[in-house]
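Being a predicted model, the structure only gives us computed values, none of them experimental. So that the names make sense, note that chain A is the first sequence line, chain B the second, and so on, each numbered from 1.
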There are 2 protein chains.
Amino acid sequence: MTTIKDVAKKAGVSVATVSRFLNDSGYVSAEAAKAVTAAVEELKYELNPVARSLNTKKSNLIGLILPDITNPFFPELARAVEDVALTYGYTVVLCNSDENPEKEKNYIETLKKKYIAGFIVTSNQLDAPHYANANVPIVALDRTINEKIPTVSSNNKEGAIMGTNALLKRGCRNILFLRGPEELNPANDRYEGFMEAIQSSNLQYQVVTCPFHFADSQEIVARVLKEDPTIDGIFASSDVSAAGALKAASLAGKRVPEDLQIVGFDGVAMGEMLSPGLTTVAQDVYKMGAIAARVLIKQIENKKIDQRFYEVPVKLIIRGTTRSVEE
Amino acid sequence: MTTIKDVAKKAGVSVATVSRFLNDSGYVSAEAAKAVTAAVEELKYELNPVARSLNTKKSNLIGLILPDITNPFFPELARAVEDVALTYGYTVVLCNSDENPEKEKNYIETLKKKYIAGFIVTSNQLDAPHYANANVPIVALDRTINEKIPTVSSNNKEGAIMGTNALLKRGCRNILFLRGPEELNPANDRYEGFMEAIQSSNLQYQVVTCPFHFADSQEIVARVLKEDPTIDGIFASSDVSAAGALKAASLAGKRVPEDLQIVGFDGVAMGEMLSPGLTTVAQDVYKMGAIAARVLIKQIENKKIDQRFYEVPVKLIIRGTTRSVEE
DNA sequence: ATATTATGTGTAACCGGTTACACACTGGAA
DNA sequence: TTCCAGTGTGTAACCGGTTACACATAATAT
C-alpha cells in the first residue's frame, strides 16, 4: 500500500505539502502541486480514510435508522438515501431499530465511536435524550421532530383531504376511515385531514383505529362491514390496510368499486398488483429519502440549510377500487 | 474522551498491559487485570475502533451488496443479515449495485480502504476479477459462485418440482411455465426443476421467458392466454410474475382457481394480499440471509466452515389460486 | 546449581494521515 | 530602508490504539 510518505518522497516534498495539496488547505505552489499530482498518479496513491478519520474525528459514514427495512415503506427510502449518499461520497450504514429506543441508542453510540458523519432517523423517539445529546447532524424522516432537527415528511394532511374528497366526489355517503396507530405522527396528520374534509361534508362516517398490518386490517374491516353494511367507502391510512379492507370486502361479497370504494395511502408497488388495482394517495418516498440525504449532507458540510421543514407533496393515483367521477 | 493512556495511568500500568488485557492477548497478571477493569469501569473507557482499525487493518464492517433493496426479495435478506451482524458486533453497509459491475467494483474498493471485514454479495458478476482478487471474505447469496466462494441459496430445483407437482396433482393438463431471465441462476434451476417434473408427466406444457416484473408479466400472460385458451395452470418463477398472471387471468375473464390455477415462487408478503391468495413456493429468505451472515462471520473470524454450499429448503404454501387436491 | 521456559511488564515504534508551529522568502507600505 | 502581510515549505507532535522487543522474575527441567 502506498502512503502519503511515498508520495512525498517521490514528489520531492514533505508530507505536509502533500496533505495540504490533497485537502486543498493552506498554501501549495504550482510547482509542488504538479509534482504531487504526478506522484499520486504514478504511485496510484489512494488516501486511507481510516487514518484520516483518526485525527479529523470525521468519517463519511451516514447512519440510516429505521424501524424495519422489511416494512414496504422503507426500502425505497433507503434506496434514495443510498443513491444520494453515494453521489456525495458517503457510505450508508443500515440500522433496524424495531422502534426500540435501546437499540437506537446503541446504534448511535456504536457509530459515534466510528465518527459517523450524521444520521437519518425514522423514529418516534426523536425527543429522547440520546438524540438531543447526540451532538451529530440528524435529519428526521417521516416522523416528527425535536424542534431543532430538520424534518422531511409527506404532506400527510393534504393527502388525507385529497383521498377523502376522492371518495366524496365519487358518491360515497357513509365512509369508514381506518385510522393508523396513535403513536405515529403521520397517522395523526392523516386523521386530521380526513376529519377536516369529512366534517365539511356533513355526511356519515366512522373512524376505527387499525394497525398498518394486513391480517389485522382485514379482520377489523370484516367486522365493521358486518356491523354496518351501509358503508360504501373506506379510506385506509395505509395501503396494507387498504389491501386488508379489499380482501375483507370481497370475502363479504361486496363488489368493489360498485358497492364499496376503497382508497389507500402510501403508493407502494403492491397496490397495482391487486384486483382491482388500488386507488391510493401516493407518497413520493424516494424524493423524501433523497431530500433527507441532501439536507443531512448539507448539515454535515456546514452549508446553510434553507428550511427546517420539508413537506413532499403527495399524489392521488386513481385505479380500480374507485369508480369514475360522477359529473 | 478517555483513552487507553488515561486507563493505564489510573490503573498504574502501561498502555501495553491495558491493551493486552482488553484484547486478551499476551500475559496479564490477575492483579493488573483487576486494576485495569476498575479503571475502565471508573473512567467509562470505550475503545476507539478507528484507532484500532488503523493498525490492525481490520474493522467490524460488513458490506451487503445487492442489486436493489427496492426489489421485495431483498429487504428481508438485508434484515436477516443486519440482525445476525448486530449480535456478533458487526455493522452493515448497504450497497445497491443495480447489477452493475462497475458499481460493485467501486463499492468493494471504497470499502476495502476502510478495512471492511467481508462482503455478502447477490450478484451475477461473482466471477469478475474484482471478486476473485478482492482478497476479503465473501459469501454469495442466492446467485451462483466462483467455485471458491461459499454460497447460500434456496433449493430452487426442488421447489420448482414441488410447485409443478402441486399443479399436476390438482388436475392441470396444459401448464404454462413462466421462466425467469436466463442470466439468473436461480431462474435456471427452477426451470430445470419444472422440466424434470413436467416431462415425467407426459402432459402438455409451454415455457415462456418473462422478467420478474409485474406489468411485463401481465402483458405476456394476457397474450399467451389469448393464443392458447386451454391453458389451465400457470407456474410462475416469481410471485411478482404470478401476480401479473393473476391479473391478466382475471381481466381475461378466467376464474381462478376454477378455470386456471396459478402457483408463484418466492413467498413474499404480497402473495397473501391478493384475491384469491397466491399459492406459492416460499423461500425462507430470512434464513438465507442469516446463514450467509453467519458463514461470513465464521470466515472473518477464521473459524472452520463446514460446508461450501448451503441450500435452504423451500416450502409450498397453499392458498386460493389452486384448488383442493383431487383424491 | 544451572539452564530453560513460562509469566509479566514497560518502552517505543508504528499504523497513515493532519496540522501547529517555526522558518524563509517575496513584495508593497510606511 | 524597515516593517509587515502574504506565500510556501518542512519538522515533528498528535490522533488512539497495537505490538515487537527487551528485560525481569518465577517455575521447572537437567
Side-chain angles (χ1 to χ4, degrees), chain A residues 1-40 43-61 89 109-117 301-302, chain B residues 1-40 43-61 89 109-117:
Chain A
M1 182 182 234
T2 76
T3 72
I4 196 171
K5 276 171 204 150
D6 303 328
V7 174
K9 189 179 289 180
K10 170 135 266 167
V13 299
S14 73
V15 292
T17 299
V18 176
S19 178
R20 276 189 295 254
F21 172 72
L22 294 175
N23 293 296
D24 198 16
S25 66
Y27 297 111
V28 176
S29 68
E31 225 178 335
K34 215 168 80 182
V36 172
T37 309
V40 165
L43 299 174
K44 294 198 192 320
Y45 169 72
E46 297 187 280
L47 191 146
N48 181 324
V50 178
R52 170 182 276 176
S53 272
L54 184 56
N55 41 106
T56 59
K57 297 184 187 313
K58 286 173 189 159
S59 79
N60 61 352
L61 251 35
E109 287 179 358
T110 305
L111 293 174
K112 277 188 71 175
K113 286 190 216 151
K114 294 191 197 296
Y115 301 126
I116 192 130
E301 297 179 352
N302 285 316
Chain B
M1 182 181 234
T2 76
T3 73
I4 196 172
K5 277 170 204 150
D6 303 328
V7 175
K9 188 179 290 178
K10 170 135 267 168
V13 299
S14 73
V15 292
T17 299
V18 176
S19 179
R20 276 189 293 255
F21 171 72
L22 294 174
N23 294 295
D24 198 15
S25 67
Y27 297 111
V28 175
S29 67
E31 224 177 335
K34 214 168 81 184
V36 172
T37 308
V40 164
L43 300 174
K44 294 196 192 319
Y45 169 73
E46 296 187 280
L47 192 145
N48 181 322
V50 177
R52 171 182 276 176
S53 272
L54 184 56
N55 42 108
T56 60
K57 297 185 188 313
K58 285 174 189 159
S59 78
N60 60 352
L61 251 35
E109 288 179 359
T110 305
L111 293 174
K112 277 187 72 175
K113 285 189 218 151
K114 295 192 197 294
Y115 301 125
I116 191 130

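In this structure, B:Lys57 reaches the C:dG16 phosphate: one of its side-chain N or O atoms is under 4.0 Å from OP1 or OP2. Dashed line: the shortest gap from a side-chain N or O of B:Ser53 to OP1 or OP2 of D:dG17 is not under 4.0 Å. At the phosphate of D:dC15, neither OP1 nor OP2 sits under 4.0 Å from any side-chain N or O atom of B:Asn48. A sub-4.0 Å separation between OP1 or OP2 of D:dG10 and a side-chain N or O of A:Tyr27 is absent. One finds no side-chain N or O of B:Ser25 lying less than 4.0 angstrom from the OP1 or OP2 phosphate oxygen of D:dT18. In this model, the phosphate group of C:dT18 is not approached by any side-chain N or O of A:Lys58 to a distance below 4.0 Å at OP1 or OP2.
Across its full length, the helix from C:dA1-D:dT30 to C:dA30-D:dT1 shows an angle of 50° between the axes of its 5 terminal pairs at either end, rounded to 10 degrees.
When each of B:Glu31 and A:Val15 is assigned the nucleotide of DNA chain C bearing its nearest heavy atom, the one mapping closer to the 5' terminus is B:Glu31. When the nearest nucleotides of DNA chain C are assigned to B:Ala51 and A:Thr17 by heavy-atom distance, the more 5′-ward of the two goes with B:Ala51.
Here D:dG17 presents its P atom at 16 Å from CZ of B:Arg20, a figure rounded to the nearest Å. Atoms CG (A:Leu22) and C1' (C:dG16) sit 12 Å apart, rounded to a whole Å. Across the protein-nucleic acid pair, B:Leu54 atom CG and C:dT18 atom P stand 12 Å apart, rounded to whole Å.
Judged by distance alone, the side chain of B:Ser19 and the main-chain N or O of B:Val15 form no donor-acceptor pair under 3.5 Å.
At a cut-off of 3.5 angstrom, the base of D:dG17 holds at least one donor-acceptor pair with the side chain of B:Asn55.
Heavy atoms of B:Val28 sit under 4.0 angstrom from primed sugar atoms or phosphate atoms, though from no base atom. Heavy atoms of A:Phe21 sit nowhere under 4.0 angstrom from any nucleic acid atom.
Distances were taken from every side-chain heavy atom of B:Thr3 (C-beta onward) to each of D:dG17, C:dT9, D:dC15; the shortest belongs to D:dG17. You'll find that the side chain of A:Thr56 is closest to C:dT18, out of C:dG16, C:dT18, D:dG16.
For the atom pair A:Tyr115 OH and A:Leu61 CG, the distance stands at 13.0 Å (nearest 0.5 Å).
Using a 3.5 Å distance cut-off with no hydrogens or angles, the side chains of A:Lys114 and B:Asn60 do pair a donor with an acceptor.
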